[in-house]
Every structure is written in C-alpha cells, then in structure tokens.
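Contents: one structure, followed by commentary.
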Amino acid sequence: MEYYVYILSDYMNDHFYVVQTNDLIRRIKQHQQGFFLNGYSKRYNITKLVYFETEPNRLKALTREALLKRWKRKSKYELILKDDPRLN
C-alpha cells in the first residue's frame, strides 16, 4: 500500500494544510465536499490540492508529514513551485 503526503491550499494560496493518507482521491473529495466540519481546513476553505508525494509505508509518511508541518510557509511554497511553477 502506498501513502500520500499532500498539501492543500485555499484559492488565494494564503494558507497551507499538510496531511497524509492512504487514499488521496477520497480525502480530496472529502475536503471539497466539506466533510470535515471543524478545523483549519474548513475554517479557511482549504480544498485545492497543490502538492503530493508518495511514501512506501505509513511511518515514513507520518515522518515526512511532521517534517513538512515544521517548515516555514516560504519553504512549503518553494517546494510546491518546484513541482508546479504555475501556482503563481
């Protein structure tokens, strides 16, 4: 099974949300449909997938998620731009 570490953003790219899952498509749909009633992603309408990477096991995905969450906003933005320069 593969795990995904992903970054969502609002449509102004003002807020980033880092999390991991084993079913990326299902989780993105849940975010877009407002499934998560409380919390950061709901409060700032964070539903746009801007970055993801795969990890071979859950421990590595959790470790990577924790690392990315500690990064400053600028570093996250640079990671996203490296993958998709059209984000500007």
Spacing of [atom1] belonging to [X] relative to [atom2] belonging to [Y], to within rounding of 0.5 Å:
X   : Y   : atom1 : atom2 : value
D23 : M1  : CG    : CE    : 8.5 Å
T47 : K42 : OG1   : NZ    : 10.0 Å
I46 : Y17 : CD1   : OH    : 8.5 Å
Q32 : N45 : CD    : CG    : 10.0 Å
L62 : N57 : CG    : CG    : 9.0 Å

Answer whether the closest heavy-atom distance between the side chains of [X] and [Y] falls below 4.5 Å.
X   : Y   : result
K48 : D10 : no
K72 : K76 : no
K29 : F35 : no
R27 : V19 : yes
I28 : L24 : yes
I80 : I7  : yes

**Study point:** Listed once per pair and sorted, the ring pair (Phe, Tyr, Trp, His ring centres under 6.0 Å) pairs that draw on residues 44-71, sequence neighbours left out
**Key:**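 Sorted result for residues 44-71: H15-Y44, Y40-Y44.
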Looking at every heavy atom in both [X] and [Y], which two are closest together, and how far apart are they?
X   : Y   : result
F16 : N13 : CZ-O, 4.2 Å
A61 : Y3  : CB-CB, 3.6 Å
S9  : D14 : OG-N, 4.4 Å

Point to revise | With Q20, the side-chain contact (heavy atoms from CB on, under 4.5 Å) member among R58, R64, E55, K60 | key: R58
Practice item. Flag yes if Y77 and V50 sit in one hydrophobic cluster, no otherwise; membership is Ile, Leu, Val, Met, Phe, Trp, Tyr, and two members link when side-chain heavy atoms are under 4.5 Å apart. Key: yes
Exercise for review: Report yes or no: do L81 and V5 belong to one cluster of Ile/Leu/Val/Met/Phe/Trp/Tyr joined by side chain heavy-atom distances under 4.5 Å?
Suggested key: yes
**Study point:** Cationic N near anionic O, under 4.0 Å, K69 to E65
**Key:**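 Yes, K69 and E65 are salt-bridged.
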Practice item. Applying side chain to side chain contact (heavy atoms under 4.5 Å, CB included), run through R26 and T21 and close with a yes or a no. Key: CA-CA 9 Å; R26 177 183 52 85; T21 185; 4.1 Å; yes
